[in-house]
Amino acid sequence: MISVDDAFSILNKATFSLREVEVSLHDASSFILAETLISPISMPPFRQANMDGFALSLHDQLTYDIVGEIKAGDYFDGQLQPGQAMKIFTGAAVPDSAQAVIQIEKVTVNNHQLQLQENVKPETNVRPLGSQIEKGTVALEKGSILNPAAIGFLAGLGFTSVKIYAKPKVGIVITGNELVQAGQPLPSGKVYESNAIMLQLALQSEHYDQINSYQVEDTFEATKSALQQAIEENDVILVSGGISVGDYDFVGKALQSLAVETLFYKVNQKPGKPLYCGKLKDKMIFALPGNPAASLTCLYVYVLPTLHRISGKNASYMPSITKPLAHHFEVNNSRSQFLKALVTGDEVTILPHQDSSMLDSFATANALVFVQDGCYELAIGASVGVYQL
């Protein structure tokens, strides 16, 4: 059995990014950029009006002659003389001979004459050329997350496709003869299967959508066959249950027979002690505990950061933030703990029902608190490591 820190260290060395592929912007959402992009144009590509009004060729009077208008998309290549104005609309190109734009609410129009309330300073209401980004400068760095805003930004610069890191395909292998699908009668000795839908939805919430599911009976041959298929068809494989040492736990033996390299097995933690991680060439295999809360905890702490790193993100296995504890808490455990918790404002509260089989408190949790093993007390306000869910 290894420590949590040792498990993190092993995974840091074992993970890798998948191949780079080029996709259209329409298909790039939530992927990680695999190249640094240089802007091919300045944005805006011209001096731009930032509101409806009148473009002015300034002089020392408050009256101007209106000599035309410029709509968004138009370009006026003539020359305004001092004292002349053109009606202009938001986003339109401001003529080089106009020094400012006065908003329409601050003027009076009488036929073709414009009356100002006060003098206007140069560059008022004018977005300078390249004020957002200049041609030849970095638009987005390699490793950036392509969220809708980033994609809109790139589209505005004229990009139609980008290179991204491919996301891993994930296989979920569910073991256990005691499991019955929800909606069916529940015979004595059976329980409803919940891990598959739980794990799948947790993955989808992080934008991992290529998921294959496999249900396997508790026999060695069935387990080996399902695992072999899952390894062939996916990049990361999650096995739910069957990794302990019971008479009908065949996952470990099946993985060994498939020549999967064991990176670690059993971590000094609670919940999730029987966690297994292995590797076969460029495939990562996690065998998660069958207890639902333990399985989900291991997904958040170990699996999701691994998937993020494979997808090109700079992800860490350590808690992302620290928060002050809202209450006193006594630690008396020989294993490090990941505790279901609720962050409210700037404080975190450790919830009841921490048993590895209990999902009810997980249903209201938005965080996990990490505490090291030992016998000690955490006072109110003590800083604790927090995984945000």
Side-chain angles (χ1 to χ4, degrees), residues 2-12 14-15 30 145 167-168 170-174 194-209 211 235-241 243 263-264 266-277 284-311 313-323 335-343 348-372 384-389:
I2 65 172
S3 69
V4 171
D5 287 342
D6 286 343
F8 290 166
S9 179
I10 290 169
L11 285 172
N12 275 322
T15 53
S30 80
I145 298 176
K167 286 185 182 179
V170 183
I172 300 176
V173 180
I174 303 296
S194 62
N195 284 2
I197 188 171
M198 176 184 71
L199 296 174
Q200 181 173 339
L201 292 177
L203 292 168
Q204 289 176 341
S205 72
E206 293 291 323
H207 306 290
Y208 297 104
D209 299 319
I211 302 172
D235 303 297
V236 175
I237 296 86
L238 310 182
V239 187
S240 176
I243 192 58
L263 299 179
F264 59 81
K266 293 187 178 179
V267 183
N268 190 37
Q269 67 182 36
K270 184 178 181 180
K273 175 183 173 182
L275 176 67
Y276 168 96
C277 180
M284 296 287 292
I285 299 96
F286 290 92
L288 309 177
N291 277 323
S295 183
L296 189 57
T297 296
C298 291
L299 180 88
Y300 282 128
V301 175
Y302 293 94
V303 177
L304 284 179
T306 298
L307 291 173
H308 293 338
R309 291 166 68 89
I310 290 174
S311 304
K313 291 184 182 178
N314 185 22
S316 172
Y317 293 97
M318 299 298 293
S320 57
I321 58 172
T322 59
K323 288 280 185 181
R335 288 185 274 166
S336 296
Q337 293 173 274
F338 297 97
L339 300 164
K340 292 162 279 189
L342 184 66
V343 173
V348 61
T349 300
I350 296 172
L351 298 172
H353 289 193
Q354 292 292 332
D355 191 274
S356 61
S357 64
M358 296 181 177
L359 280 178
D360 58 341
S361 55
F362 232 141
T364 57
N366 60 9
L368 291 171
V369 166
F370 176 66
V371 295
Q372 294 281 2
V384 291
V386 173
Y387 292 86
Q388 294 178 293
L389 306 183

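Because only heavy atoms are used, hydrogens play no part in the values below, and waters and symmetry mates are left out as well, while side chains stay in. Just so you know, these numbers come straight off a predicted model, no measurement behind them.
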Has Lys167 got its NZ or CZ under 6.0 Å from the middle of the six-membered ring of Tyr208, at an angle within 45 degrees of the ring axis? yes
How about Lys323: does its NZ atom have over 12 heavy atoms from other parts shown lying under 6.0 Å from it? yes
For Thr306, run the side-chain contact (heavy atoms from CB on, under 4.5 Å) check against Leu304, Ile310, Val303 and tell me which one passes. Ile310
Atom pair CD1 (Ile211) and CD (Gln200), whose distance is rounded to the nearest 0.5 Å: 4.5 Å
Taking every non-hydrogen atom, the tightest pair across Phe370 and Pro319: CB-CG, 4.1 Å
Rounded to the nearest 0.5 Å, what's the gap from OG on Ser316 to OH on Tyr387? Could you check? 7.5 Å
Heavy-atom nearest pair, Gln269 first then Cys298, reads NE2-SG, 3.6 Å
Might you point out which heavy atoms bring His308 and Ala315 nearest each other, and give the distance in Å? CB-CB, 3.6 Å
What's the verdict on side-chain contact (heavy atoms from CB on, under 4.5 Å) for Val267 and Lys273, showing C-alpha distance, side-chain angles and the deciding distance? CA-CA 5 Å; Val267 183; Lys273 175 183 173 182; over 6 Å; no
Candidate pair Gln372 and Gln337, rule side-chain contact (heavy atoms from CB on, under 4.5 Å), full reasoning: CA-CA 6 Å; Gln372 294 281 2; Gln337 293 173 274; over 6 Å; no
Taking side chain as C-beta onward, heavy atoms only, is Val236 less than 4.5 Å from Phe286? yes
Decide side-chain contact (heavy atoms from CB on, under 4.5 Å) for Cys277 and Leu11; before the verdict, give the C-alpha distance in whole Å, the side-chain angles of both, and the deciding distance to 0.1 Å. CA-CA 9 Å; Cys277 180; Leu11 285 172; 3.6 Å; yes
Heavy-atom count around Ile197 CD1 within 6.0 Å, excluding the residue itself: above 12? no
Straight-line distance of Ser240 OG to Ile172 CD1, nearest 0.5 Å: 8.5 Å
So which atom in Leu339 and which in Gln354 form the shortest heavy-atom distance, rounded to 0.1 Å? CA-OE1, 3.3 Å
CE/Met318 to CG/Asn12 distance, rounded to the nearest 0.5 angstrom? 10.0 Å
From CA spacing to verdict: side-chain contact (heavy atoms from CB on, under 4.5 Å), Tyr300, Leu389: CA-CA 8 Å; Tyr300 282 128; Leu389 306 183; 3.6 Å; yes
Taking C-beta and beyond as the side chain, do Asn366 and Gln388 meet within less than 4.5 Å on heavy atoms? no
I'd like to know whether CG of Leu342 has more than 12 heavy-atom contacts from other residues, nucleotides or ligands below 6.0 angstrom. yes
Has the side chain of Ser361 got a donor or acceptor atom that lies under 3.5 Å from a matching backbone atom of Pro352? yes
With Phe338, the side-chain contact (heavy atoms from CB on, under 4.5 Å) member among Val4, Val369, Val371: Val4
Between Asp5 and Ser3, a side-chain donor and acceptor under 3.5 Å: no
With rounding to the nearest 0.5 angstrom, report the CD1 to NZ distance, Ile2 to Lys266. 12.5 Å
Any side-chain to backbone donor/acceptor pair from Asp355 onto Ser357? Under 3.5 Å, distance only. yes
List the atom of Pro289, the atom of Asn195, and the distance in Å for their closest heavy-atom pair. O-ND2, 4.3 Å
Are Tyr302 and Phe8 close enough that their ring centers fall under 6.0 Å? yes
Is any side-chain heavy atom of Leu288 less than 4.5 Å from a side-chain heavy atom of Val239? no
Indicate the atoms forming the closest heavy-atom contact of Leu368 with Thr297, along with that distance. CD1-CG2, 4.1 Å
Of Leu307, Leu238, Leu263, Val170, which is the lone residue that meets side-chain contact (heavy atoms from CB on, under 4.5 Å) with Met284? Leu263
Side-chain contact test, heavy atoms from C-beta onward, threshold under 4.5 Å: evaluate it for Val386 versus Thr322 and give yes or no. no
What's the spacing between Leu203 CG and Met198 CE if we round to 0.5 Å? 10.0 Å
